[in-house]
Q: 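Sharing a structure below in C-alpha cells format, with a few things to ask.
Computed from a prediction, not measured in an experiment: that's the story for all the values here.
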Amino acid sequence: MKRLALLLLLVACQKSAAPSPGPAPRAQPRPLEPLERVLGEPTDGGGGPDDDPLYRIVVLDPVGPALPSGAVVVQLDGERAIADGQPFTAALAKGRPVVLAPTGDTYLVQAAELLAALDDAKAEVWLRHPDAPIAFKLTLRDEAAFQTWLDEVVPGKLRVIHRADGFEMQTNMGKLPGGDPNGPTVPVRGGKLDLKTLQRGFEKVQARFTSAPDYCVVPSFGMELVQTARAMAANYVKPATAFFPETCLVYPRPRAPDAGH
C-alpha cells in the first residue's frame, strides 16, 4: 500500500509540473488587398500619351457639399489672404464660416500661419474646389493633434498622404498597396492626378472599416492647395454622400520664434 501511495504521489507531481499550454495565439488581421486601377478608354489612336495604358485615366466629375451660406470667402494667393478687398485675419471671421479659395500657386506651407490661427480660433473652415462650386468642411490638425488622432483606438484611421508622385493610402492596418507595392497607392499618371482610382481606394477602405468616422489628408509642405481640394472630391459619390463623413487636413504649425531673437 505504501508503494502504491508513493507511485500515485509521483504521478500527481509530474502532472502538476507539466507546462501550461499558454494563451491561444491571437488571430492576425486579414491584410489589405491591392487596389486595382480604374483604367481609361483608349483615344482615337493618335499615338499620344493618352493611348498608353500606363497613362490613361478616367476624369473624376467632382461633387460635394455646396458652399456654406453666410461664409466669408478668403482668396489665398501665396502668403496673401484677402477677403472683401482687405487683408484677412482669423479675427475677421466673427463667427462666420471661412471658405478658403486658393490660387494654383498657393502651397500648404504658405497658408500654415493662417491655418494655425483659424485652428486656434476654432473657426469653421472649408476648402473650395477650384473647378466646381463646392467646398469641403475641414477639421484642422497640426502635427501634435494628428499624432493624438493616430493614437486613438479606432479601426481604419485612413490618412491620404499627398505627394508629388501621387497618393499613399495608409491605415492602422497597414498601407493599401497599389500596382507597385513599393510606390504610392495611386501614382500620378502622365502628370495627372488619378482621382478615379483614388475614389476606388476610398471605397475599398470604407468597405473594410465601415464605422470609421473620418480620414485625414496629409499633403507635403510644397503641395498646391488646389490639388488637395481636387483630391478631397474623391471622397464623395454624391453631394451629400461621402465614404468618410469628416475630412481632416494636417498642416505644419509654424514654430514660435526663439525668445530674444
Q: Could you check whether any side-chain heavy atom of Leu114 comes within less than 4.5 Å of a side-chain heavy atom of Phe88, counting everything from C-beta outward?
A: yes
Q: Can Tyr107 be reached from Val218 by stepping across I, L, V, M, F, W or Y side chains whose heavy atoms are under 4.5 Å apart?
A: no
Q: Given side chains that start at C-beta, do those of Asp194 and Pro187 come closer than 4.5 Å, heavy atoms only?
A: no
Q: Could you grab the distance from atom CD of Gln75 to atom CG of Asp84, nearest 0.5 Å is fine?
A: 10.0 Å
Q: Would you confirm whether Thr185, through its side chain, and Glu168, through its main-chain N or O, come within 3.5 Å as a donor-acceptor pair?
A: no
Q: With rounding to the nearest 0.5 Å, note down the distance linking CZ in Phe244 to CG in Leu158.
A: 5.0 Å
Q: If every non-hydrogen atom of Met232 is compared with every non-hydrogen atom of Phe136, which pair is closest and at what distance?
A: CB-CD1, 3.7 Å
Q: Hydrophobic cluster membership, with links at side-chain heavy-atom distances under 4.5 Å among I/L/V/M/F/W/Y: are Leu225 and Ile134 in one?
A: yes
Q: Identify the heavy atoms of Leu92 and Pro87 that sit nearest to each other, and give their distance.
A: CD1-O, 3.4 Å
Q: Considering non-hydrogen atoms only, spot the tightest contact between Val74 and Ala81 and give its length.
A: CG1-CB, 3.8 Å
Q: Val38 versus Thr197: any side-chain heavy-atom pair under 4.5 Å?
A: yes
Q: With the 4.5 Å side-chain cut-off for hydrophobic clustering, are Ile82 and Val99 part of the same group?
A: no
Q: Please find the pair of heavy atoms, one from Ala112 and one from Pro254, that lie closest to each other, and give the distance.
A: O-CD, 3.9 Å
Q: Tell me whether Lys192 contacts the main-chain N or O of Tyr55 through its side chain, where contact means a donor paired with an acceptor under 3.5 Å.
A: no
Q: Roughly how far, to the nearest 0.5 Å, is CG of Leu67 from CH2 of Trp126?
A: 8.5 Å
Q: Compare all side-chain heavy atoms of Met173 with those of Arg208 and state whether any distance is below 4.5 angstrom.
A: yes
Q: Is there a path of hydrophobic side-chain contacts, each under 4.5 Å between heavy atoms of I/L/V/M/F/W/Y residues, joining Leu195 to Val237?
A: yes
Q: Say you draw a straight line from CG of Asp142 to CG of Asp119; how long is it, rounded to the nearest 0.5 Å?
A: 6.0 Å
Q: Counting distance only, does the side-chain N/O of Asp214 pair as donor-acceptor with the main-chain N or O of Thr247 below 3.5 Å?
A: no
Q: Show your reasoning for whether side chain to side chain contact (heavy atoms under 4.5 Å, CB included) applies to Met169 and Leu32.
A: CA-CA 11 Å; Met169 305 186 79; Leu32 296 169; over 6 Å; no
Q: I'd like to know if Asp120 and Arg253 make a salt bridge, using a cut-off of under 4.0 Å between side-chain N and carboxylate O.
A: yes
Q: Look up atom CG in Leu193 and atom CG in Leu198, then write down how far apart they are to the nearest 0.5 Å.
A: 8.5 Å
Q: Around atom NZ of Lys137, are there more than 12 heavy atoms from other residues, nucleotides or ligands closer than 6.0 Å?
A: no
Q: What verdict does the side chain to side chain contact (heavy atoms under 4.5 Å, CB included) test give for Val63 and Thr241, after you've listed the backbone C-alpha separation in whole Å, the side-chain angles of each residue and the deciding distance to 0.1 Å?
A: CA-CA 9 Å; Val63 297; Thr241 305; over 6 Å; no
Q: Do Leu100 and Val125 have side chains that approach each other closer than 4.5 Å (heavy atoms only, starting at C-beta)?
A: yes
Q: Nearest heavy-atom pair of Tyr236 and Gln199: which atoms, and what distance?
A: O-NE2, 2.9 Å
Q: Got more than 12 heavy atoms from elsewhere within 6.0 Å of CZ, Arg80?
A: no
Q: Using a 6.0 Å cut-off, check whether atom CD of Gln206 has over 12 heavy atoms from anything other than its own residue.
A: yes
Q: Test: salt bridge (charged side-chain N to carboxylate O under 4.0 Å, His left out). Region: residues 215-242. Which pairs qualify, not counting sequence neighbours?
A: Asp131-Arg230
Q: Please check if Leu249 and Trp149 belong to a single hydrophobic cluster, counting links between Ile, Leu, Val, Met, Phe, Trp and Tyr side chain heavy atoms closer than 4.5 Å.
A: no
Q: Evaluate ring pair (Phe, Tyr, Trp, His ring centres under 6.0 Å) for Tyr215 paired with Phe202, printing each intermediate quantity in order.
A: CA-CA 10 Å; Tyr215 81 103; Phe202 275 109; 5.0 Å; yes
Q: Would you indicate whether Glu36, at its atom CD, is surrounded by more than 12 heavy atoms from other residues, nucleotides or ligands within a distance under 6.0 Å?
A: no
Q: In Å and rounded to the nearest 0.5 Å, what is the CD1 to CZ distance from Ile57 to Arg189?
A: 9.5 Å
Q: A side-chain contact here means heavy atoms from C-beta on lying under 4.5 Å apart; do Thr228 and Pro102 qualify?
A: no
Q: I want to check something: taking the side chain as every heavy atom from C-beta on, are Val217 and Leu138 in contact at a cut-off of under 4.5 Å?
A: no
Q: On a heavy-atom basis, which atom in Arg163 and which in Pro184 lie closest, and how many Å separate them?
A: NH2-CB, 4.2 Å
